[in-house]
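The structure appears below as C-alpha cells.
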Amino acid sequence: MASTVPSVPTKLVDVEVATTARRGVPAVVLAATGPALGPGGDGIDVSDLTGKAGEAVRHDETWTLGVGTGTPADYRTAGASLVRALSGDDAPKTADVLLTPDFDADKVRAFVLGAALGGYRFKVTGEDGPKRVGSLRLITADDGFEEVLTSAALKAHVLATATSLTRDLANTPSNVKDPRWLATTAARLADRVDGLSATVRDEKWLAQQGFGGVLAVGGGSARPPRLVELTYGTTGPHLVFVGKGITFDTGGISVKPADGMHLMRTDMAGGAAVISALLAVARRRLPVRVTGLVPCAENHVSGSAYRPGDVVRHYGGATTEVQNTDAEGRMVLADAMAYAVQNLKPDLVVDVATLTGAMKVSLGLRTGAVFSASDEIAANVVAAGANVGEQWWRMPLLEEHVSAVASEIADYKQCPPGPGGITAALFLQKFAGDVPWAHLDIAGPARSEKIYDEVVAGATGFGARTLVELAEKYSR
C-alpha cells in the first residue's frame with residue numbers, strides 16, 4: 001500500500017541522451033505543424049494529425065508527438081503531454097524519442113523540463129498510486145552532439161527537480177506541514193548536498209534576536225515559528241533569497257472567508273521556491289555565494305494572536321503599525337530582510353512570496369510580478385524567467401504612494417492605502433535599505449486549478465527555476 005502522505009521529494013522520470021535506440025522500446029516520432037508534418041514514416045498514416053504541440057497519438061508500438069512550431073513552450077508542452085500519455089493504464093512506461101536533425105540544446109532543455117514535470121503527481125491516499133513513467137531516451141543521430149545535449153538534459157532535470165520539490169513542499173497538507181516540519185525537512189534535504197549547510201532557529205532564538213514580525217504572526221498558533229538559513233558558497237557575488245514560509249494562513253483575527261481557505265497550505269510557496277533553488281544551485285556547483293532565508297510561521301486565530309492596532313518591533317528596531325493580520329507575509333519577510341541587510345552583506349536581496357491578491361487581479365494566474373528600483377535587476381529577473389519557462393512582468397514602485405507607508409504611531413504602516421501589490425512592495429522596500437533588491441509576488445502563478453503545459457493542478461512550483469537561473473547569471 002502507498003504511504004498516507006507522499007514522500008518528499010517526488011521521484012521524476014529519468015531522461016538520457018543516446019545515439020542508439022533500445023530494442024523492444026516504443027519509438028516516438030516528432031511532428032511539427034504545417035507542411036513539415038508530411039505523410040509519416042514506416043507506413044504510419046498521419047493525415048489526420050495536426051502536429052499541434054502536445055498532440056500524442058499511439059500507432060501500435062509507435063507514437064507521433066506534435067511539437068507545434070518548435071518554440072521552447074511547444075517543446076515543454078510536448079514533453080509533458082508525452083509523459084502523461086505514457087502514464088495511461090495500458091501504455092508503456094518508457095519510450096525512445098527520435099530527435100530531428102535541428103534539435104539543439106535549448107530544445108532539449110525545454111523538452112526534458114516538460115517531460116520531467118508533466119507527469120508530476122501528489123496525492124494523499126491509502127491506495128497504491130498509478131505506475132509512473134520510468135525513463136525516456138532521446139535519440140540523436142549526431143554522436144558528436146551527444147555530450148552537448150546530455151549537458152542540456154542534466155541542467156533541465158535539475159531545474160525540474162527544483163520545481164517538483166517546490167510543489168511537494170507547497171502541496172503537503174498543513175496538518176503535517178507546520179513550521180518545524182518545513183524547517184527540518186529543508187535541513188534534512190540540505191544535508192544530502194555537498195557544499196550546502198542549514199541552520200534552523202527556534203522561537204527562543206527569534207525572541208532573543210528581536211524577530212518581532214515572525215513572533216507576532218506565529219504567536220496565535222500552538223506550533224511555534226522557525227527561521228531556516230541555508231548557506232552555499234564562499235566566493236563570488238553574495239545573493240540572498242528570502243522566501244515567505246507561512247505554513248497555513250487563516251488570516252488571524254482578520255480571518256479569511258471559508259471559501260478558498262483550504263488553499264492556504266500553499267502560502268509558503270515562496271519559501272519552498274527558495275529552499276529548492278538553494279538545493280539546485282548547490283547541485284550545479286555554481287561559482288556564486290547564495291544564502292536562503294525562510295521565516296516559517298502559522299498564522300492562526302487564538303487568544304495569543306496578534307491584533308489590528310498592535311505595534312510590532314522588527315529585527316533591527318523598526319516598528320510597524322498592524323492594520324490587517326491577514327497581511328502577515330510582509331511582517332515575516334521584513335524581519336528576514338532586515339537580518340540579511342544587517343548581518344550578511346549581500347550584493348542582492350530577492351524576496352519571493354504569495355503576497356497579495358491584488359497581483360492576481362493585475363496579472364492573472366500565470367505571470368509573476370517583479371518590483372525593483374533597478375532597471376537592470378528587473379530585466380535580469382524577467383530574462384532569467386524567460387530562459388526557464390516562467391513569465392514575469394515588471395510593476396512600478398509609484399513615488400506618489402511612498403508617503404502612505406509612514407505611520408503616525410509607528411515607523412511604518414503594514415497596509416498603506418492605494419494599489420495593494422504596489423504598496424506592499426513599497427513597505428518591503430523599507431527593509432532592503434541601500435542593498436539592491438527585487439520583490440517577486442507569485443500569488444497568481446503559485447497555484448493552478450487545472451493542467452496546462454508542464455503545469456499540473458495544485459502547487460505549480462513557480463519561481464524556483466527563475467531563482468536558479470538568476471544565480472547562474474550572477475555567477476558568470
Side-chain angles (χ1 to χ4, degrees), residues 170 172-185 200-228 243-271 294-339 353-357 407-416 420 424 427-428 431 443:
T172 298
S174 294
N175 56 318
V176 174
K177 177 182 59 191
D178 63 3
R180 179 178 178 274
W181 182 93
L182 182 57
T184 56
T185 299
V200 177
R201 273 72 178 246
D202 64 12
E203 70 275 21
K204 294 179 182 178
W205 185 92
L206 292 169
Q208 291 169 354
Q209 298 297 316
F211 279 71
V214 178
L215 292 168
V217 172
S221 174
R223 307 194 289 183
R226 295 286 187 271
L227 175 69
V228 181
K244 174 184 170 184
I246 301 300
T247 56
F248 193 77
D249 180 20
T250 67
I253 287 179
S254 307
V255 66
K256 292 178 179 294
D259 184 25
M261 192 192 290
H262 64 286
L263 298 174
M264 290 300 101
R265 63 177 174 267
T266 67
D267 207 25
M268 34 58 67
V294 182
C296 309
E298 185 175 69
N299 189 23
H300 227 300
V301 185
S302 77
S304 58
Y306 79 131
R307 298 158 290 266
D310 285 0
V311 174
V312 171
R313 187 175 299 277
H314 294 280
Y315 184 90
T319 57
T320 291
E321 174 191 357
V322 177
Q323 298 169 298
N324 184 335
T325 63
D326 193 24
E328 83 297 330
R330 67 197 72 181
M331 299 295 289
V332 302
L333 291 174
D335 276 354
M337 289 171 61
Y339 171 81
T354 51
L355 205 67
T356 66
S407 167
E408 294 179 357
I409 66 169
D411 293 318
Y412 309 122
K413 282 183 179 178
Q414 177 205 34
C415 294
F427 172 84
L428 289 174
F431 295 88

Checklist line | Close side-chain approach of D267 and N299, heavy atoms under 4.5 Å | finding: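 No. Closest side-chain heavy atoms not under 4.5 Å.
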List for me each residue that meets side chain to side chain contact (heavy atoms under 4.5 Å, CB included) alongside [X], sequence neighbours excluded, and say none if there are none.
| X | answer |
| --- | --- |
| A410 | V311, T319, E321, S407 |
| R201 | T199, W205, L227, E229, Y339 |
| T266 | A170, R447, A459 |

Next item on the list: Could you verify whether a donor N or O on one side chain and an acceptor N or O on the other, from T247 and D178, lie under 3.5 Å apart?
Entry: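 No - no donor-acceptor pair under 3.5 Å links their side chains.
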Item checked: Residue list, side chain to side chain donor-acceptor pair (under 3.5 Å) with E203, at least two apart or on another chain ->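 By the side chain to side chain donor-acceptor pair (under 3.5 Å) rule, E203 matches R226.
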Check: side-chain contact (heavy atoms from CB on, under 4.5 Å) with L206: which of P224, P295, P225?
Finding: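 Filter result, single survivor: P225.
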Whether the side chain of [X] engages the backbone of [Y] through a donor-acceptor N/O pair (distance < 3.5 Å, no angle test) should be reported.
| X | Y | answer |
| --- | --- | --- |
| T250 | V255 | no |
| K244 | T354 | yes |
| D335 | G213 | yes |
| E328 | D249 | no |
| Q414 | N324 | yes |
| T325 | P308 | no |
| K177 | R265 | yes |

Notebook entry, point to check: What residue pairs, at least two apart or across chains, pass salt bridge (charged side-chain N to carboxylate O under 4.0 Å, His left out) with a residue in residues 298-308?
Noted result: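 Sorted result for residues 298-308: R223-E298, R307-D310.
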Checklist line | Pairs meeting criterion salt bridge (charged side-chain N to carboxylate O under 4.0 Å, His left out) with involvement of residues 209-222, two or more places apart | finding: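 Passing the test, one end in residues 209-222: no pairs.
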Distance, nearest 0.5 Å, that separates [atom1] of [X] from [atom2] of [Y]:
| X | Y | atom1 | atom2 | value |
| --- | --- | --- | --- | --- |
| L215 | M331 | CG | CE | 10.5 Å |
| K413 | F427 | NZ | CZ | 12.5 Å |
| M337 | L428 | CE | CG | 5.5 Å |

Which atom names give the shortest non-hydrogen contact between [X] and [Y], and what distance separates them?
| X | Y | value |
| --- | --- | --- |
| C415 | A327 | SG-CB, 3.4 Å |
| V228 | C296 | CG2-SG, 4.0 Å |
| T356 | A443 | O-CB, 3.2 Å |

